[in-house]
Amino acid sequence: MEKLKIAGGYPLKGTVRVSGAKNSAVALIPATILADSPVTIEGLPDISDVHMLRALLEEIGGSATFTDNEMTVDPSSMISMPLPNGRVKKLRASYYLMGAMLGRFKKAVIGLPGGCYLGPRPIDQHIKGFEALGASVTNEQGAIYLRADELRGARIYLDVVSVGATINIMLAAVRAKGRTVIENAAKEPEIIDVATLLTNMGAKIKGAGTDVIRIDGVDQLHGCRHTIIPDRIEAGTYMILAAAAGKGITIDNVIPQHLESLIAKLKEMGVPVEAQDDQVFVGHAEHLTSVDVKTLVYPGFATDLQQPFTALLTRAEGSSVVTDTIYGARFKHIDELRRMNANIKVEGRSAIINGGGQLQGAKVKASDLRAGAALVIAGLMAEGITEITGLEHIDRGYSNLVEKLNGLGATAWREQLSQEELEQMKNA
Ligand SMILES: CC(=O)N[C@H]1[C@@H](OP(=O)(O)OP(=O)(O)OC[C@H]2O[C@@H](n3ccc(=O)[nH]c3=O)[C@H](O)[C@@H]2O)O[C@H](CO)[C@@H](O)[C@@H]1O
Ligand SMILES: C=C(OP(=O)(O)O)C(=O)O
């Protein structure tokens, strides 16, 4: 097991290239199950979620190769093997195996998903959708059993705007008989990316990216080649990092329209930001103004950028309030930032940051993926050395993090944990 060490205070500049979107990748890979011939996805991020899903596809009899960020999946020999435990619990997006396997085999047994703990993360809307399509869904000892004689299109109104439920229902509905209409659908760019892949495979989908998606089911889907969209959350993380510790950083391979709410907030803080084509330049501002932020569904401020943004706000003079309306308990990074001398308190769904003080390096733990990103940013701003454990969370979503940081002039490296540190973690 490793820890990440960061020597803070180095001025960062240069260009960093963003990888393919994790939240697309984790849906695109299960979507290949629905085809009858090989599907190739280009530009995938080299992260543990991708490798975990590749292994899960192999567990059900598929073949999947991963070279130079490109995955080719041959789904022709897959069978509906139960996946109640093991890898499915290591990531959130294993829930997409439910929709994809239900769509292809009309049956599946999948363990309840893992992923970042951000407070309760129910999947009732996914289940509501599968049931509306004609499936029986039961939860037996932590695994979801899905079965249908036939899937039939239906009109499904989501009570909560959910990225996962929208995509999962889409995955099952593309092979259902007749028309499915998803109302109050999520509008995140990753949903459009998944719909694009499915359409290239022969599916009939209209309205992805709006709150009403219409799907006309087809009998068969075929292989194709698809290029994934860039990761707006990774891009946003580097933009925040640039505002926190940069002296002029270009973030390359970005769709700036995906980041409008973050760009607006950075500008409000006094950070110079220029977007051009597929790049965003973030300049240096000596003084940052405090701002209030509320997370919302897309195109609002992404909850996945809330934690990194909180780290940045420790540099802004005055008091800022960050409210997470999506995950009211997404504040596990706050105690760790406090260890680094940040002045922050949590009240209900909000964190109140009194910024302007100097962060100090400390030994901290990433409790989840974006908490990890927040600690990396804090470590780059801090005086002295920061040691971050819990790297298995960070590795779920950030490709080549150390290489990318050091490419900007940071001093960051990974080290094995000592026997004593491993013992301490076991007893913690
Ligand atoms: C793999 C992936 O794409 N993960 C993203 C996805 O997670 P995920 O798809 O799990 O998040 P959702 O969009 O489903 O969740 C949004 C809100 O709806 C609630 N909800 C969701 C489903 C449901 O059946 N019932 C219910 O009540 C959730 O608890 C949450 O409060 O979107 C989140 C919100 O943008 C991001 O933080 C995650 O990075
Ligand atoms: C919460 C996240 O991921 P997941 O839904 O995969 O746990 C995230 O990407 O910030």
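Note that the coordinates shown come from a computational prediction; the quantities given were computed from them, not determined experimentally. In each ligand, atom 1 is the first atom listed, and ligand 1 is the first ligand listed.
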Heavy-atom contacts with ligand 2 below 4.0 Å: which residues, ordered by chain and residue number? Lys22, Arg92, Gly115, Cys116, Leu118, Arg121, Asp304, Arg330, Leu369, Arg370, Arg396
Just let me know how [X] lines up against ligand 1, side chain, backbone, both or neither, with a heavy-atom cut-off below 4.0 Å.
X      : result
Tyr298 : neither
Asp304 : side chain
Arg92  : side chain
Ala302 : neither
Ser162 : both

Closer than 4.0 Å to some heavy atom of Arg330 - which atoms of ligand 1 meet that? 37 (O)
Atoms of ligand 1, numbered as shown, that sit under 4.0 Å from any heavy atom of Gly164: 9 (O), 14 (O)
Using non-hydrogen atoms of the residue, decide whether Ala27 is closer than 4.0 angstrom to ligand 1. no
Close approach of Pro122 to ligand 1, heavy atoms, under 4.0 angstrom: yes
Nitrogen or oxygen atoms of Thr303 and ligand 1 under 3.5 Å apart: no
Can you sort out the partners of Thr289 under side chain to side chain donor-acceptor pair (under 3.5 Å), two or more places apart, ordered by chain and number? none
Only counting residues at least two apart or in another chain, list the ones meeting side chain to side chain donor-acceptor pair (under 3.5 Å) with Thr138. Glu140
Salt bridge (charged side-chain N to carboxylate O under 4.0 Å, His left out) pairs, two or more places apart, involving residues 83-94: Glu59-Arg87
Identity of the nearest option to atom 32 (O) of ligand 1, non-hydrogen atoms only, from Asn168, Val163, Val26, Ile326: Val163
